[in-house]
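Everything below concerns the one structure shown next.
Sequential numbering from 1 along the given sequence is applied to the chain's residues. Worth knowing before you read on, the calculation uses all heavy atoms, side chains too, and leaves out hydrogens, waters and symmetry mates. Whatever order the structure lists ligands and atoms in, that order sets their numbers, starting from 1.
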Amino acid sequence: MKRPSTESLLFEALAFAAHKHRNQRRKDVEASPYINHPIALARTLAVEGGVVDLKTLIAAVLHDTVEDTDTTFEEIRAMFGAKVADAVREVTDDKTLAKPDRKRLQIEHAPHMSKRAALVKLADKTSNLRDVASNPPRGWSLERRREYFDWAREVVDGLPPVSKRLRAAFDDAYSKRP
Ligand code: NDP
Ligand code: ZN
């Protein structure tokens, strides 16, 4: 069979992520379908950030598959190539670590991220701030929502400067800090 074009790989990634996340929900009161989040990220990158690099958009669609499902980096590499797998690896937390360590490591790793991973991370934090502001995880106190905003800002402030437009989108989301 002919190897799929780069454009069609984006749809392959959407179908792959939708399947992998099929039994998961976000933490908001409505328990939104999980796939809405990776789609929101890719949309932010493409529509608000003007990002056209398909490997970045594919990495955005796949960014939570290893962290939150049984997907392996090897699976991603075989289907989408080493560059996409590397970007996903850069934005994947080590789930064997305790939560406070994972949060601290995100801040420490941010300055060393590649451009592709930094774009995905920036869109991820923007999307999550929008969610915490308007559809927060069930049961989060005001203090906890504020702490999340401050931590996300620390991570984003450490990222290399990869997109003025996306940084402006993040700052706009941050301005809605509860
Ligand atoms: P997180 O704080 O990591 O939960 C937020 C993550 O959940 C997001 O980064 C996002 O990750 C995902 N998510 C899913 N649905 C939503 C949504 N609707 N809105 C925003 N994000 C969503 O996880 P934990 O619940 O495990 O919290 C752990 C930390 O919280 C600890 O480090 C602790 O310090 C702190 N904490 C604070 C408390 C307080 O009251 N101040 C109480 C308890 C803990 P992704 O994009 O990867 O899916
Ligand atoms: Zn995410």
Side-chain angles (χ1 to χ4, degrees), residues 13-14 16-49 51 56-71 73 76 80 84-110 113-114 116-159 162 166 169-170 172-178:
L14 282 164
F16 180 86
H19 178 72
K20 291 291 192 172
H21 291 300
R22 67 193 178 284
N23 294 321
Q24 298 174 322
R25 296 290 178 273
R26 300 295 283 172
K27 298 173 182 169
D28 58 302
V29 170
E30 290 184 358
S32 313
Y34 200 97
I35 193 66
N36 291 6
H37 166 65
I39 291 173
L41 238 79
R43 184 209 152 272
T44 295
L45 287 167
V47 177
E48 299 176 58
V51 172
T56 303
L57 300 177
I58 291 170
V61 167
L62 301 176
H63 83 279
D64 277 332
T65 56
V66 177
E67 200 170 291
D68 294 331
T69 78
D70 62 2
T71 306
F73 294 119
I76 293 181
F80 304 102
V84 169
D86 286 348
V88 174
R89 190 188 298 274
E90 283 188 75
V91 298
T92 298
D93 279 2
D94 179 351
K95 276 204 154 173
T96 65
L97 300 176
K99 204 72 190 223
D101 291 329
R102 291 167 55 183
K103 297 229 152 203
R104 178 178 49 79
L105 284 173
Q106 283 205 30
I107 296 168
E108 288 178 18
H109 289 160
M113 279 194 168
S114 67
R116 210 169 258 141
L119 285 167
V120 174
K121 185 57 89 178
L122 186 49
D124 191 26
K125 291 291 178 272
T126 302
S127 166
N128 283 337
L129 287 198
R130 287 171 177 165
D131 284 347
V132 170
S134 57
N135 310 295
R138 183 188 289 275
W140 278 28
S141 65
L142 176 63
E143 184 200 11
R144 186 150 181 199
R145 284 179 277 146
R146 285 181 174 161
E147 276 177 16
Y148 189 87
F149 265 65
D150 295 342
W151 168 72
R153 169 101 192 245
E154 253 192 282
V155 175
V156 164
D157 280 348
L159 292 172
V162 284
L166 287 168
F170 175 85
D172 181 67
Y174 186 84
S175 74
K176 313 285 191 313
R177 184 179 184 274

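The protein heavy-atom contact nearest to atom 16 (C) of ligand 1 is R26 NH2, 3.7 Å. The nearest heavy-atom contact from the protein to atom 23 (O) of ligand 1 is K99 NZ, 2.9 Å. The protein atom (non-hydrogen) at minimum distance from atom 2 (O) of ligand 1 is K103 NZ, 3.1 Å. Shortest contact from atom 21 (N) of ligand 1 to any protein heavy atom: N128 OD1, 3.8 Å. Here the heavy atom of the protein found nearest to atom 34 (O) of ligand 1 is E147 OE1, 4.8 Å.
Within D64, the N/O/S atom positioned nearest the Zn ion (ligand 2) carries the name OD2. D124 has its closest N, O or S atom to the Zn ion (ligand 2) at the position named OD1.
Below 30°, between 30° and 60°, or above 60°: for F80 and F16 the angle between ring planes is above 60°, a perpendicular geometry.
Short contacts between ligand 1 and D64, defined as distances under 4.0 Å to a heavy atom of the residue, involve ligand atoms 45 (P), 46 (O), 47 (O), 48 (O).
Only the side chain of D124 comes within 4.0 Å of ligand 1, judged by heavy-atom distances. Residue-level proximity to ligand 1 for R144 is carried by backbone and side chain together, each with a heavy atom below 4.0 angstrom. In Y34, the part holding a heavy atom less than 4.0 Å from any atom of ligand 1 is the side chain.
Closest heavy-atom contact between L62 and V84: CD1-CG1, 3.9 Å.
Using a 3.5 Å distance cut-off with no hydrogens or angles, the side chains of Y34 and R25 do not pair a donor with an acceptor.
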**Prompt:** Is there a side-chain hydrogen bond (donor to acceptor under 3.5 Å, both in side chains) between D64 and H21 once you walk through the steps?
**Reply:** CA-CA 9 Å; D64 277 332; H21 291 300; 5.8 Å; no
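Every N/O-N/O distance between H63 and ligand 1 stays at or above 3.5 Å. For a threshold of 3.5 Å applied to N or O pairs, the pair formed by D131 and ligand 1 contains no separation below that value. In terms of polar-atom proximity, K27 is counted as a contact of ligand 1, with an N or O under 3.5 Å from an N or O of the ligand. In terms of N/O distances under 3.5 Å, ligand 1 is approached by H37.
The shortest separation from a heavy atom of W140 to ligand 1 is under 4.0 Å, placing the residue in contact.
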